[in-house]
Number of protein chains: 2
Amino acid sequence: MPSSSRRPGIAFLLAQLGADATGRFADALAPAGITPPVAGVLRLLRVEAGMSQQDLARRLGVAPSRVVAVVDELEERGWVARTRGSDRRTNALALTPAGEEAFGRVAAVAAGHERAVTEGLAAAEREQLLALLERLAALRGLVPGVHPGYRRP
Amino acid sequence: MPSSSRRPGIAFLLAQLGADATGRFADALAPAGITPPVAGVLRLLRVEAGMSQQDLARRLGVAPSRVVAVVDELEERGWVARTRGSDRRTNALALTPAGEEAFGRVAAVAAGHERAVTEGLAAAEREQLLALLERLAALRGLVPGVHPGYRRP
DNA sequence: TATTGTTATACTCTATAACTATA
DNA sequence: TATAGTTATAGAGTATAACAATA
């Protein structure tokens with residue numbers, strides 16, 4: 001519960017709207033039985049198949065042990081396959097056809113979520129806002145497609 | 001770790017930038033030995049003195065039991081006093097002079113944080129962005145000054 | 001000796017429910 | 001009986017450290 005001093009500034013509004021968007025996205029995903037971490041991994045593997053779990057952990061900025069649990073769940077659902085990597089220590093991760101379908105559902109939810117979050121803004125306002133947020137994300141050095149953008153060393 | 005489909009949209013960028021801002025604010029506050037929840041309560045009590053702990057819990061959207069721990073900490077530091085309310089069951093909460101000083105430090109950190117988050121944007125861009133975020137927060141029905149804006153029922 | 005995936009453990013944050021004292 | 005504050009407990013979520021297999 002951080003707060004603004006008197007009138008909220010940009011930093012506070014970003015924190016507030018970001019928490020709101022994150023919560024709404026999780027809610028929108030819930031009926032499909034998908035959690036945000038699972039959605040994030042599906043997306044990453046769709047773009048870059050063959051990643052190892054260590055690669056995934058580095059890309060997501062989480063501990064490798066955390067990846068184990070998420071991949072376990074994905075594998076139990078038949079959405080991801082752990083196949084042999086070049087090195088016999090590593091798992092090469094890839095989406096199965098069912099995983100591709102699951103990602104399709106995630107993409108549909110994300111599209112609806114985007115509409116819901118920006119509802120009430122005119123098209124010109126949306127473009128303006130998108131451009132400003134993109135610029136700010138670039139200035140802050142945030143990696144496209146990976147949330148949370150903030151990593152503690 | 002929610003993610004965008006291909007190119008991040010407004011919803012994803014808000015989530016990403018919001019998480020970044022939240023983390024940076026906590027980091028900026030840490031050297032002063034203050035956590036974000038403590039900062040939020042200091043601010044709320046400064047604006048509305050005499051609140052009960054139940055009032056506080058409702059305003060923040062957290063469980064009353066959570067408020068106990070935060071107020072305990074504030075009281076141990078001598079920043080907040082639990083005084084008798086009209087009803088002998090309730091505590092009327094108020095900032096002490098030391099609490100006012102602590103709030104001053106929080107306000108200074110928040111000001112620096114605002115500058116850091118918006119660094120690199122031109123003054124005109126800042127105004128544009130602030131106006132758009134204010135509009136979006138109003139559209140989403142977010143309560144000014146309270147984070148997180150998202151409450152689960 | 002170093003690295004990958006795994007397991008075990010602990011820590012943080014928060015909510016729910018039970019308890020007490022008032023009303 | 002209902003409500004304010006408190007305490008106890010439990011559930012997420014995550015990190016750290018130890019471990020076995022492989023390099």
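Below, read A as the first sequence line, B as the second, and so on, with proteins coming before strands; counting in each chain starts at 1.
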Could you go through the side-chain contact (heavy atoms from CB on, under 4.5 Å) check for B:T96 and B:V80 one step at a time? CA-CA 5 Å; B:T96 63; B:V80 161; 5.8 Å; no
Would you call B:D20 and B:R24 a salt bridge, using N to O less than 4.0 angstrom?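 Yes, charged N to carboxylate O under 4.0 Å.
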I'd like to know if the side chain of A:H113 and the backbone of B:F12 have a donor-acceptor N/O pair within less than 3.5 Å. no
Between [X] ([atom1]) and [N] ([atom2]), how many Å, whole number?
X	N	atom1	atom2	value
B:R84	D:dA4	CZ	P	16 Å
A:R66	C:dT7	CZ	P	15 Å
B:L56	D:dG5	CG	C1'	13 Å
A:L60	D:dG13	CG	C1'	15 Å

Going by salt bridge (charged side-chain N to carboxylate O under 4.0 Å, His left out), name the pairs with one or both residues in residues 104-125 of chain A, residues two or more places apart or in two chains.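 Checked against salt bridge (charged side-chain N to carboxylate O under 4.0 Å, His left out) - neighbours excluded - the pairs reaching residues 104-125 of chain A are A:E125-B:R135.
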Between protein and nucleotides 1-6 of chain C, map the contacts as a letter string: B base, S sugar-phosphate only, - none, heavy atoms under 4.0 Å, written 5' to 3'. -BBSSB
Please identify each residue that fulfils side chain to side chain contact (heavy atoms under 4.5 Å, CB included) with A:Q53, with sequence neighbours left out.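 So A:Q53 forms a side chain to side chain contact (heavy atoms under 4.5 Å, CB included) with A:V67, A:V68, A:V71, A:R82, A:N91, A:L93.
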Please determine whether a side-chain nitrogen or oxygen atom of B:R88 lies at a distance below 4.0 Å from atom OP1 or OP2 of C:dA23.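 The answer is yes; a side-chain N or O of B:R88 sits under 4.0 Å from OP1 or OP2.
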Separation between CD1 (B:I10) and CG (A:L121), nearest 0.5 Å, reads 6.5 Å
